2 protein chains.
Amino acid sequence: MKLEEAKQQFINSWGAFGTQWGINRTMAQIHALLLISTSPITQDDIMEELSISRGNVNMNIRDLIGWGLVERVIVSGERKEYFTADKNIWKVATQIIKERKKRELDPMLKLLSQLENIDDKKEKDAKEFLTVVGDIKKLGSHADSLLDIMIKAEENKFISGVMKIFK
Amino acid sequence: MKLEEAKQQFINSWGAFGTQWGINRTMAQIHALLLISTSPITQDDIMEELSISRGNVNMNIRDLIGWGLVERVIVSGERKEYFTADKNIWKVATQIIKERKKRELDPMLKLLSQLENIDDKKEKDAKEFLTVVGDIKKLGSHADSLLDIMIKAEENKFISGVMKIFK
DNA sequence: AATATGTTTCATTATTTACTGAAAGTTCAA
DNA sequence: TTGAACTTTCAGTAAATAATGAAACATATT
């Protein structure tokens with residue numbers, strides 16, 4: 001396989017993979033493109049490479065920056081803005097985990113807590129409902145702690161060593 | 001808060017939560033409804049409760065069964081089909097993990113392996129590409145192993161005890 | 001201060017994804 | 001073997017989501 005072909009396939013697959021996880025295709029593709037770009041690139045580069053409009057690039061880049069996955073880079077002597085993505089994959093993963101946790105898991109746990117405040121907690125129906133809600137909350141909290149450990153592992157040298165147990 | 005109100009909110013939130021993870025809203029809502037239903041229910045019950053069409057219920061129930069999250073139940077003396085969802089949340093989680101792993105992670109790892117078969121592996125550009133692909137593959141494999149451990153924890157009494165470390 | 005270069009916004013349009021409902025299919029009972 | 005009860009399918013439609021492109025905005029250059 002030619003390198004160019006492989007790169008193209010990587011970008012496409014990453015996009016398809018993203019959509020399955022509720023991430024918009026283009027955003028994932030831009031991220032993929034940046035991951036395999038050896039040096040910072042401009043909006044125009046992305047537009048051309050992925051055949052998409054300027055507005056589309058701009059908005060998705062903005063989102064990617066919001067996710068902490070992409071950064072603006074200033075190239076001296078250049079007027080244009082350049083962009084790069086962190087190539088440290090473990091960092092990328094923890095960053096995504098951190099964001100999704102904040103945006104989704106935490107609010108979900110909060111909501112579940114509210115749902116536990118129902119009247120007539122003694123009623124049979126209510127009890128069963130509370131069991132399910134409580135169980136989900138418990139699982140969510142455990143996931144929360146586990147993810148925190150993973151995030152800290154990225155930030156802390158010692159834990160980082162421990163995590164290497166997972167080969 | 002009244003029980004009925006809480007149930008309704010649970011169903012809606014579960015649906016919203018699902019969409020963020022690439023799961024269709026209705027499918028998530030049906031699953032939520034089944035989770036908090038104290039006894040098996042019919043297609044008609046679901047249609048009424050969620051105000052959706054018969055076809056919609058039918059197709060999403062079929063998907064849920066495909067995910068191993070819902071089962072058909074035969075009620076003696078009844079012609080209609082009834083449905084239930086497993087209420088063991090840890091089991092639900094591992095089942096979802098198992099399926100997503102099979103449907104998404106495994107194919108992704110396979111693809112990445114293919115992308116490693118490029119010509120001119122010695123070229124500078126190629127080397128950098130291979131590093132990124134290799135790193136993602138490595139991370140994916142670790143996730144794969146970790147998830148296998150979690151799945152086995154559900155199936156194996158001993159590991160199940162160990163996992164309780166996570167309170 | 002006029003122009004040139006580059007960025008952002010957002011109303012409109014296109015694409016994708018999900019839903020409906022009626023027709024076809026299935027199963028069972030008489 | 002007819003038909004009533006129930007389930008499944010899927011073409012057409014609706015709703016949700018994403019992309020375009022041109023205008024507004026911002027900033028540097030002459």
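Proteins get letters first, then strands, A, B, ... in listed order; numbering begins at 1 in each. These figures come from a predicted structure and were not determined experimentally.
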Inset, instruction - Let me know the distance between CD of A:Glu81 and P of D:dA28, rounded to the nearest Å. - result: 11 Å
Inset, instruction - Grab the CD1-P distance between A:Ile46 and D:dA19 for me, whole Å please. - result: 14 Å
Inset, instruction - Record whether the side chain of B:Arg62 comes under 3.5 Å of the base of D:dT8 through a donor-acceptor pair of N or O atoms. - result: no
Inset, instruction - Figure out the CD1/P separation between A:Ile74 and C:dT5, and round it to whole Å. - result: 21 Å
Inset, instruction - May I ask you to establish whether B:Arg103 and B:Trp67 are in a cation-pi arrangement, using a distance under 6.0 Å from NZ or CZ to the six-membered ring centre and at most 45° from the ring axis? - result: yes
Inset, instruction - For A:Gln29 and D:dA18, give me the distance from atom CD to atom P, rounded to whole Å. - result: 13 Å
Legend entry - Length of the CD-C1' vector between A:Glu78 and D:dT29, whole Å: 15 Å
Only pairs under 3.5 Å count here: list side-chain donor-acceptor contacts from residues 118-125 of chain A, not counting sequence neighbours, and write none if there are none.
unit_1   : atom_1 : unit_2   : atom_2 : d
A:Asp119 : OD1    : B:Met1   : N      : 3.2
A:Lys121 : NZ     : A:Glu116 : O      : 3.4
A:Lys124 : NZ     : A:Glu128 : OE2    : 3.4

Inset, instruction - Starting from A:Val73, walk the hydrophobic network (Ile, Leu, Val, Met, Phe, Trp, Tyr; side-chain heavy atoms closer than 4.5 Å) and list everyone else you reach, by chain and number. - result: A:Val75, A:Tyr82
Inset, instruction - State which of D:dT8, C:dT27, C:dT9 makes the closest approach to the side chain of B:Gln43. - result: D:dT8
Inset, instruction - Determine whether the side chains of A:Asn56 and A:Ser53 contain a donor N or O and an acceptor N or O closer than 3.5 Å. - result: no
Under 3.5 Å, sequence neighbours excluded: what are the donor-acceptor pairs made by side chains of residues 7-15 of chain B?
unit_1  : atom_1 : unit_2 : atom_2 : d
B:Asn12 : ND2    : B:Gln8 : O      : 3.4
B:Ser13 : OG     : B:Gln9 : O      : 2.7

Legend entry - Nearest to side-chain heavy atoms of B:Lys80, which nucleotide of D:dC6, D:dT9, D:dA28: D:dC6
Inset, instruction - Summarise how protein sits on nucleotides 11-22 of chain C as a single string, 5' to 3': B when a protein heavy atom is under 4.0 Å from the base, S for sugar-phosphate-only contact, - for no contact. - result: -------SSBB-
Inset, instruction - Tell me, please, which residues at least two apart from A:Ser141 pass side-chain hydrogen bond (donor to acceptor under 3.5 Å, both in side chains). - result: none
Inset, instruction - Can you tell me the distance, in whole Å, between the CE atom of B:Met47 and the P atom of D:dC6? - result: 13 Å
Inset, instruction - List, by chain and then residue number, the residues other than A:Met59 in its hydrophobic cluster (Ile/Leu/Val/Met/Phe/Trp/Tyr, side-chain heavy atoms under 4.5 Å); write none if there are no others. - result: none
Legend entry - Any B:Asn58 side-chain nitrogen or oxygen under 4.0 Å from OP1 or OP2 of D:dT7: no
Inset, instruction - Check the distance between C:dT5's C1' and A:Tyr82's OH and give it to me in whole angstrom. - result: 13 Å
